[in-house]
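One structure below.
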Amino acid sequence: MKAISRKKRTLADLSQSVAAGVLKAIQLLEERYGATEFHESGHNPDRRAPVLVVKLPRYDNAEVGVPLNKRDITLYMRDRTCDGKRLRDLISADKVTKVYPRDGNPSASIEDSPYLRPSSTNEVLKLKLVPEDVDSVLAAFFGDSGEGLTEAHALSVSGLAPIEPRKGIRSGLTEEDFAAILERQSEVGRAGEMLVIKDELARLKNRGCPDPERYVHRVATSDVGRGYDIESTWPGEERCIEVKSTTRSGNDFFLTANERSVLAELGERGWLYRVVLDSQGGGRIEKRMCNPTKRIAEEQMTPVIWRVADSVLHSDE
């Protein structure tokens, strides 16, 4: 695909050239949902309105595509909302004009976005709205009124029992200690994902795939909200793999609400790989689990984080 040139625009640049409803959508994304980057597609051979791709860091770098139309209000949005629901279930069906990739390919600027690029596991909607729809559609997608996903729901998954408090860990971690822990966890995660990529490339090659590198992608680097880490798309052998890595066999692991929801919806295409790494930089895949949410019983999961509504701070005592 030919690369698309992009340039940043400001709201002042747009106010004289786009529909009032389009401007309203962009203003809401900026003022309520914290959009910080606005990139406009450049090359436009079909003479269609350029598309502004808006990035929202508060929502795991989610993106919304906003064509800069002079009359109609059109939005490109993922069907999967930020809290793991289906947007099509939350809005009127007549607002959805196309579903990608089912209905072909969207504009090149949407294809160029790692977050919005359609695939069999990442359906993208083209919505046609009236000004009165914009507020409710954005609220349905983000799952709130602009608070942001500052706290995730997470589940501890154990083969036997709920997690017990670990002994020997001191309280009062310094900022430097905490940063070092996060960096170590990130290194372990990356190493486990790279091991799984090598394993998946070998699996596809053994299955007769002529070009495995074309079909195996580490989506965790470009889209942390996807709900899994590795996407393998060779027809007939598709797998969406969530990788859980550790340096010690027998440890519990954590599953976010989004990961759990995505893996449940994927069904037989969803996989969970447990990777155990060693001190020499090697490792092994200890378990490959197909359709993991069907095989993990409720009693094997312990909720360890709760999201608390801001309204509790303003209620009467």
Side-chain angles (χ1 to χ4, degrees), residues 1 60-62 78-81 84-86 99-102 105 111 113-124 154-155 157 159 185-186 188-246 249 251-277 282-297 300-301:
M1 180 186 302
D60 287 335
N61 288 321
R78 272 190 179 179
D79 190 29
R80 179 169 297 283
T81 67
K85 300 173 184 177
R86 282 188 9 138
V99 179
Y100 303 108
R102 184 193 71 188
N105 298 318
E111 290 273 10
S113 160
Y115 185 88
L116 291 171
R117 184 183 303 126
S119 71
S120 60
T121 56
N122 186 40
E123 290 187 311
V124 173
L155 298 170
V157 182
Q185 290 176 338
S186 179
V188 170
R190 283 195 296 267
E193 288 164 12
M194 295 310 297
L195 189 150
V196 170
I197 285 177
K198 292 180 181 179
D199 179 80
E200 184 62 12
L201 290 172
R203 186 184 75 86
L204 291 188
K205 185 176 181 179
N206 290 336
R207 292 283 187 173
C209 179
D211 187 12
E213 289 81 5
R214 178 183 173 189
Y215 298 98
V216 180
H217 305 284
R218 184 180 173 222
V219 296
T221 59
S222 58
D223 184 2
V224 296
R226 184 71 68 91
Y228 52 87
D229 301 306
I230 310 297
E231 189 171 67
S232 183
T233 60
W234 192 45
E237 294 289 339
E238 296 93 340
R239 290 189 181 187
C240 301
I241 305 169
E242 173 61 24
V243 182
K244 297 300 179 184
S245 303
T246 184
S249 183
N251 281 351
D252 293 344
F253 60 89
F254 293 89
L255 195 66
T256 69
N258 183 53
E259 290 166 352
R260 185 187 185 194
S261 174
V262 169
L263 290 171
E265 187 169 317
L266 287 169
E268 297 298 312
R269 289 184 298 156
W271 289 74
L272 189 147
Y273 283 28
R274 183 58 159 166
V275 175
V276 180
L277 302 170
R284 71 182 191 279
I285 299 175
E286 188 174 60
K287 182 71 175 180
R288 298 172 180 83
M289 186 184 296
C290 179
N291 199 359
T293 57
K294 187 176 180 180
R295 300 175 62 181
I296 300 173
Q300 293 175 303
M301 294 185 287

Can you sort out the partners of Glu193 under salt bridge (Lys or Arg N to Asp or Glu O under 4.0 Å), two or more places apart, ordered by chain and number?
Arg218
Can you see which heavy atom on Lys244 is nearest to which on Leu255, and at what distance?
CE-CD1, 4.1 Å
Distance-minimising heavy-atom pair for Thr293 and Ala264
OG1-CA, 3.3 Å
Could you check if a side-chain atom of Thr121 sits within less than 4.5 angstrom of a side-chain atom of Leu266, using non-hydrogen atoms only?
yes
Is there side-chain contact between Ile230 and Tyr273, with heavy atoms separated by less than 4.5 Å?
no
Can you give me every donor-acceptor pair (side chain of residues 206-217, partner residue at least two apart or in another chain, under 3.5 Å) with its distance?
from   : atom 1 : to     : atom 2 : distance (Å)
Asn206 : ND2    : Ala202 : O      : 3.3
His217 : NE2    : Arg214 : O      : 3.1

Locate the shortest heavy-atom distance separating Pro101 from Ser120; write the atom from each residue and the value.
CG-N, 4.3 Å
Roughly how far apart are Thr256 OG1 and Glu242 CD, rounded to 0.5 Å?
7.0 Å
Check salt bridge (Lys or Arg N to Asp or Glu O under 4.0 Å) between Arg269 and all other residues, then give those that pass, not counting sequence neighbours.
none
Heavy atoms only: give me the nearest Ile241-Tyr228 pair and the separation to one decimal.
O-CB, 3.7 Å
Under the 3.5 angstrom rule, does the side chain of Asp79 hit a backbone N or O of Glu123 as a donor-acceptor pair?
no
Could you pull out all residues at least two apart from Arg226 that satisfy salt bridge (Lys or Arg N to Asp or Glu O under 4.0 Å)?
Asp223, Glu231
Locate the shortest heavy-atom distance separating Ser245 from Gly192; write the atom from each residue and the value.
OG-CA, 3.2 Å
Return the set of residues passing side-chain contact (heavy atoms from CB on, under 4.5 Å) with Asn105 (not counting sequence neighbours), or none when no residue passes.
Glu111
Measure the spacing between CG of Asn291 and CG of Leu272 and express it to the nearest 0.5 Å.
11.0 Å
Are Asp229 and Glu259 packed together at the side-chain level, in the sense that at least one heavy-atom pair is separated by less than 4.5 angstrom?
no
Name of the residue among Ser232, Cys240, Cys290 meeting side chain to side chain contact (heavy atoms under 4.5 Å, CB included) with Trp271:
Cys290
Does Arg260 reach the side chain of Ile296, with side-chain heavy atoms less than 4.5 Å apart?
no
Nearest-0.5 Å distance that lies between atom CG in Leu201 and atom NZ in Lys198
10.0 Å
Distance in Å, Lys85 NZ paired with Arg80 CZ, rounded so as to fall on 0.5 Å steps:
12.0 Å
Here the pair of heavy atoms bringing Pro292 nearest to Gly270 is CD-O, 3.5 Å
Are any non-hydrogen side-chain atoms of Asp199 and Arg288 less than 4.5 angstrom apart?
yes
Who pairs with Glu238 by side chain to side chain donor-acceptor pair (under 3.5 Å), at least two apart in sequence or on another chain?
none
Test of understanding: with side chain to side chain donor-acceptor pair (under 3.5 Å), list the residues that count as partners of Arg203, not counting sequence neighbours.
Glu200, Glu237
